[in-house]
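Below: the structure, in structure tokens.
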Amino acid sequence: MIEDKLAILIKKSIVNAQNKNEFNDFVIPEVQIDRPHLTEHGDFATNIALQLKSKTEKNAMENAEIIASNILDNEVIESINIVLPGFINIDVKQSWIVKQIKLIKNKEFGNHDLGMDQSVQIEYVSSNPTGPIHIGNGRGASIGATLAKVLKKCGYQTEEEFYINDTGNQVKLFGKTLFARYNELYHIKIPIPEDGYLGEYMIDLAKKIKNEHQDLYLDEEKNAELTEIGLSIMIRQIQDELSSIGVKYTNWFYESMLHEKKTLELVVGMLDEKKFISHKENAVWFLSTKLGDDKDNVLIRSDGTPTYFAADIAYHFNKFAERKFDRVINIWGADHQGHVSRLKKAMKALSIDEDRLDILLYQLITLKRGNTIVPLSKRSGDIISLNEVFTETGKDAMRFFFLSQSANQSMDFDLELAKKQTKDNPVYYVQYANARIHAILDKAGHADYRISYNNLDLIKENEEIDLIKKLIEYPSIIKKVATELSPHHLPHYSIELAQLFHVFYTKCRVIDESNKKLTEARLALLDACRIILSDTLELIGVTAPEQM
RNA sequence: GCGCUCGUAGCUCAGUGGAUAGAGCAGCGGACUUCUAAUCCGCAGGUCGAAGGUUCGAAUCCUUCCGAGCGUACCA
């Protein structure tokens, strides 16, 4: 990365100055390299001279002068300007920028080795299998899928997992509701449980089972089997819907596995051994207050059944201790916020370093129809399924939309406006840039022009240089997304890149019959652009069409 | 009450210690005989919720207040 290169040059210059006694000895802090907003402030800037004030006992301007005068000869820096109150502004050589095109020959550009081959598991969506996934889950799906791809690009061994809560109260309710709906088809009236699932999809589900198995499960004693069949159909539907927006998991993990393998008992036993368990009012409690939480939490209810929390501790124990992931990232909706601290405390209690667990919360989506809020509840049957929204807006517009805001920002999703806004979605602006690139490359191919890196020095228009500068920013964007777990930078970057391409397209004609050398150099630039743009779109989870 | 997140242009949002705060949409005005006008160029639009503080420097950090969403279960 160019920033690293410049930081090293600056660091060397400070060492130089120290050796010449122009600076006294001190430990050099990390040199921060920024991209200034204004072009007159240079291509890059650093505030290191300001930061060193306390260490050198000189003022920032003096520091800057010393640093600038000690920078060794190099192929990158064109000029250095020192500006009050002590900024060092750096302009980079055009000849160096242009040469960078050569480095962008495939999609490995932008890769990092941050992960050092560590294994990381990313768990996301994990919605209850008692109903179809709703529109709100689309956000978690988009964030998770993109983050997984970026981490892979950064040298992690990634695994993507969907956790299926196939046991517990909600599943029981689901089973009872399904039983009632199924019987209804045979004109047998069985009341739907009070908190049952009222959505119409339960009727469809019952019909499906009737078509396949006829009256085989009318007997109440076979309710467990009926529930299992219902769940498996539901899960398949969830898989299909996620896959149709381009989200595919490496693993689907069933909660029931934890019960079968007695992981819960194991974990509760371990916590007991480490004195984090107490028995109060016939229930078993986890003493998270011992680790600084505000309150303790029930693991086993007074009726003997485990809570969701207990299962989740076992599940995470399984991730870390049994499957041995180095790192685990969970992507949760903000309504699970209260769960974060106690799960981390539980890991700590089990002697698992809580820093290995990252929980990324995304703020919830408020669904609206005009000015009225549309409530969402699986149980009441108020469901806007992911499926019905994306078939109207399209997968690409949806993925781009969900990713383009920071996870900390709550989102409004207006169902009426969604279709209208679809055509305004910036994703098309970006895709159009890609289509334009391919139009030129195709035409050049037919006319027998070849990409050539031999005459890159012919590239000197401002629009070309700006475009290349944006291209070589790509690795730092990827790094930012991976370290901050903030995938929303990708759509923004793609828009900026597309914009610079469109400007270039308007100002610089690529195929110029009178100038074959320039044409072939520009084809090299164009190809670099194609690679970065399509890689960005792939990470976002959006297609890169060659024609529009 | 306490905790988490947010408050930036008419709208939707970037920017989270750096210099004169940016983009899209909406608005107004221009540009197609050219490799795709789903494009480009220009104009207009802001006391960064409020007040204090920290420092060379604050939309960004701290404190208080105001407003919004979420959480605070022997639900998941």
Side-chain angles (χ1 to χ4, degrees), chain A residues 32 34 36-38 40-41 45-47 50-51 53 59-61 83-87 89 126-128 130 165 167-171 173 195 255 280-285 294-295 297-312 333-341 361-366 378-379 401 404-412 414 417 420-421 423-433 435-444 447 484 488-489 491-493 495-496 498-499 501-512 519 522-523 526 547-548:
Chain A
Q32 187 188 323
D34 296 314
H37 300 296
L38 296 174
E40 65 215 64
H41 291 148
T46 178
N47 57 0
L50 289 149
Q51 288 187 336
K53 272 198 309 184
N59 69 45
M61 290 300 278
V83 185
L84 278 168
F87 288 109
N89 294 339
S126 298
S127 63
N128 259 326
T130 52
N165 303 119
T167 61
N169 284 335
Q170 294 310 316
V171 170
L173 271 175
D195 297 323
E255 185 192 339
K280 277 184 286 187
E281 297 146 21
N282 278 330
V284 178
W285 293 71
D294 347 343
K295 55 182 179 48
N297 298 280
V298 171
L299 294 178
I300 313 286
R301 300 184 187 93
S302 46
D303 67 3
T305 59
T307 59
Y308 170 82
F309 179 46
D312 220 20
D335 53 342
H336 287 63
Q337 174 251 119
H339 195 57
V340 173
S341 169
L361 295 176
Y362 61 90
Q363 297 299 312
L364 299 180
I365 293 177
T366 310
K378 242 174 229 177
R379 271 177 249 174
F401 171 78
S404 56
Q405 295 187 22
S406 138
N408 284 338
Q409 188 74 244
S410 59
M411 273 180 155
D412 283 354
D414 189 323
L417 279 179
K420 283 186 225 161
Q421 282 172 343
K423 58 178 184 297
D424 297 329
N425 193 305
V427 73
Y428 300 115
Y429 179 81
V430 179
Q431 289 180 320
Y432 185 52
R436 276 181 146 181
I437 291 171
H438 279 274
I440 303 174
L441 289 173
D442 280 356
K443 188 174 173 182
E484 296 173 7
H488 72 280
H489 295 301
H492 289 277
Y493 173 77
I495 291 169
E496 287 165 11
Q499 179 167 36
F501 168 76
H502 284 308
V503 173
F504 159 79
Y505 181 95
T506 317
K507 293 276 173 63
C508 306
R509 202 183 154 79
V510 175
I511 297 173
D512 179 351
T519 298
R522 282 183 169 165
L523 283 175
L526 208 62
Q547 274 184 357
M548 278 176 83

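Below, chain A is the first sequence line, B the second, and so on; all start at residue 1. Fair warning: this is a prediction, and the values are worked out from it, not measured in the lab.
B:rC62 and B:rU54: their C1' atoms are spaced 7 Å apart (whole Å). Remark: the separation of the P atoms in B:rG71 and B:rA9 is 27 Å, to the nearest Å. Remark: the separation of the C1' atoms in B:rC70 and B:rU8 is 22 Å, to the nearest Å. Comparing the P positions of B:rG17 and B:rC13 gives a spacing of 22 Å, expressed to the nearest Å. For the C1' atoms, the distance linking B:rG45 with B:rC6 amounts to 24 Å, nearest Å. Annotation: B:rG15 and B:rU60 have their P atoms spaced 15 Å apart (nearest Å). Nucleotides B:rC48 and B:rG29 place their P atoms 31 Å apart, quoted to the nearest Å. Rounded to a whole angstrom, the distance from the P atom of B:rC28 to that of B:rA44 is 16 Å.
Distance check, rounded to the nearest 0.5 Å: CG of A:Leu526 to CD1 of A:Ile437 gives 5.5 Å. We find the CH2-CG distance between A:Trp285 and A:Leu299 to be 10.0 Å, quoted to the nearest 0.5 Å. One distance of note links OG of A:Ser406 with NE2 of A:His492; it measures 9.0 Å at 0.5 Å rounding. Annotation: the span from A:Asp442 atom CG to A:Ile440 atom CD1 amounts to 10.0 Å, rounded to 0.5 Å.
Position along RNA chain B of the nearest nucleotide to A:Ser302 versus A:Gly338 favours A:Gly338 as the more 5'-ward residue.
Among the heavy atoms of the strands, none lies under 4.0 Å from A:Glu496. Residue A:Ala60 is classed as having no contact, given no heavy-atom separation below 4.0 Å to the nucleic acid.
Across all strands shown, B:rC2 forms a Watson-Crick or G-U wobble pair, both distances under 3.5 Å, with B:rG71. Of all nucleotides present, none satisfies the Watson-Crick or G-U wobble test against B:rU36 with each distance under 3.5 Å. Both distances falling under 3.5 Å, in either a Watson-Crick or a G-U wobble arrangement, place B:rU63 opposite B:rA51. Using Watson-Crick or G-U wobble geometry with both donor-acceptor distances under 3.5 Å, B:rA58 finds no partner in any strand shown. Nucleotide B:rG45 forms a pair with no other nucleotide shown, judged by Watson-Crick or G-U wobble geometry with both contacts under 3.5 Å. Here B:rA9 sits opposite no nucleotide as a Watson-Crick or G-U wobble pair (both hydrogen-bonding atom distances under 3.5 Å). Under the Watson-Crick and G-U wobble criteria, each requiring two contacts below 3.5 Å, nucleotide B:rA21 is left unpaired.
Between A:Asp312 and A:His339 there is a side-chain heavy-atom pair separated by less than 4.5 Å. Looking only at side-chain heavy atoms (C-beta outward), A:Gln32 and A:Asn47 come within less than 4.5 Å of each other. The shortest side-chain heavy-atom distance between A:Phe501 and A:Arg436 falls under the 4.5 Å cut-off. Contact annotation: the side chain of A:Ser410 never approaches that of A:Thr366 to less than 4.5 Å [non-hydrogen atoms, C-beta and beyond]. Within the 4.5 Å cutoff, the side chain of A:His489 has heavy atoms near those of the A:Glu484 side chain.
The ring of A:His41 lies on top of the base of B:rA19, close enough and flat enough: under 5.5 Å between centres, under 30° between planes.
Rounded to a whole Å, the CG atom of A:Asp412 is 6 Å from the P atom of B:rC13. Between the CG atom of A:Asn128 and the C1' atom of B:rA76 there is a distance of 6 Å, rounded to whole Å. Regarding A:His336, its NE2 atom lies at a distance of 16 Å from the C1' atom of B:rU5, rounded to whole Å. As rounded to whole Å, 19 Å separates atom P of B:rA76 from atom CD of A:Gln337. Look at CE on A:Met411: it is 17 Å from P on B:rC70, rounded to the nearest Å. Rounded to whole angstrom, the span from the CG atom of A:Asn408 across to the C1' atom of B:rU8 amounts to 16 Å. We find that CG of A:Asp195 is positioned 12 Å from P of B:rA76, with the value rounded to whole Å. Summarising the geometry, the separation between CG on A:Leu84 and C1' on B:rG57 is reported as 13 Å, rounded to the nearest angstrom.
Across B:rA76, B:rA19, B:rG71, the shortest atom-to-atom separation from the side chain of A:Asp335 is found for B:rG71. Picking from B:rC70, B:rC74, B:rC56 the nucleotide with the shortest atom distance to the side chain of A:Lys53 gives B:rC56.
Remark: the A:Ser410 side chain and the B:rC6 base include no donor-acceptor N/O pair separated by less than 3.5 Å. Remark: the A:Asn89 side chain and the B:rA19 base include a donor-acceptor N/O pair separated by less than 3.5 Å.
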Legend entry - Base-contact (B) and sugar-phosphate-only (S) positions in nucleotides 24-38 of chain B, heavy-atom cut-off under 4.0 Å, - elsewhere: S---------SBBSB
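Contact check, A:Gln405 against B:rC13: a side-chain N or O comes under 4.0 Å of OP1 or OP2. Note on A:Asn165: every side-chain N or O is 4.0 Å or more away from OP1 and OP2 of B:rA76. Taking 4.0 angstrom as the limit, A:Gln409 places none of its side-chain polar atoms (N or O) nearer than this to OP1 or OP2 of B:rU12.
Residue A:Glu40 places its CD atom among more than 12 non-hydrogen atoms of other residues, nucleotides or ligands, all under 6.0 Å distant.
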Please list every donor-acceptor pair under 3.5 Å in which a side-chain atom of residues 504-511 of chain A meets a protein atom from a residue at least two apart or in another chain.
{"residue": "A:Thr506", "atom": "OG1", "partner": "A:His502", "partner atom": "O", "Å": "2.6"}
{"residue": "A:Arg509", "atom": "NE", "partner": "A:Ile511", "partner atom": "O", "Å": "3.0"}

Got a list of protein N/O to nucleotides 15-18 of chain B N/O distances below 3.5 Å?
{"residue": "B:rG15", "atom": "OP1", "partner": "A:His488", "partner atom": "NE2", "Å": "2.9"}
{"residue": "B:rG18", "atom": "N7", "partner": "A:Asn47", "partner atom": "ND2", "Å": "2.9"}

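If you check the side chains of A:Asp303 and A:Thr305, you find a donor sitting under 3.5 Å from an acceptor.
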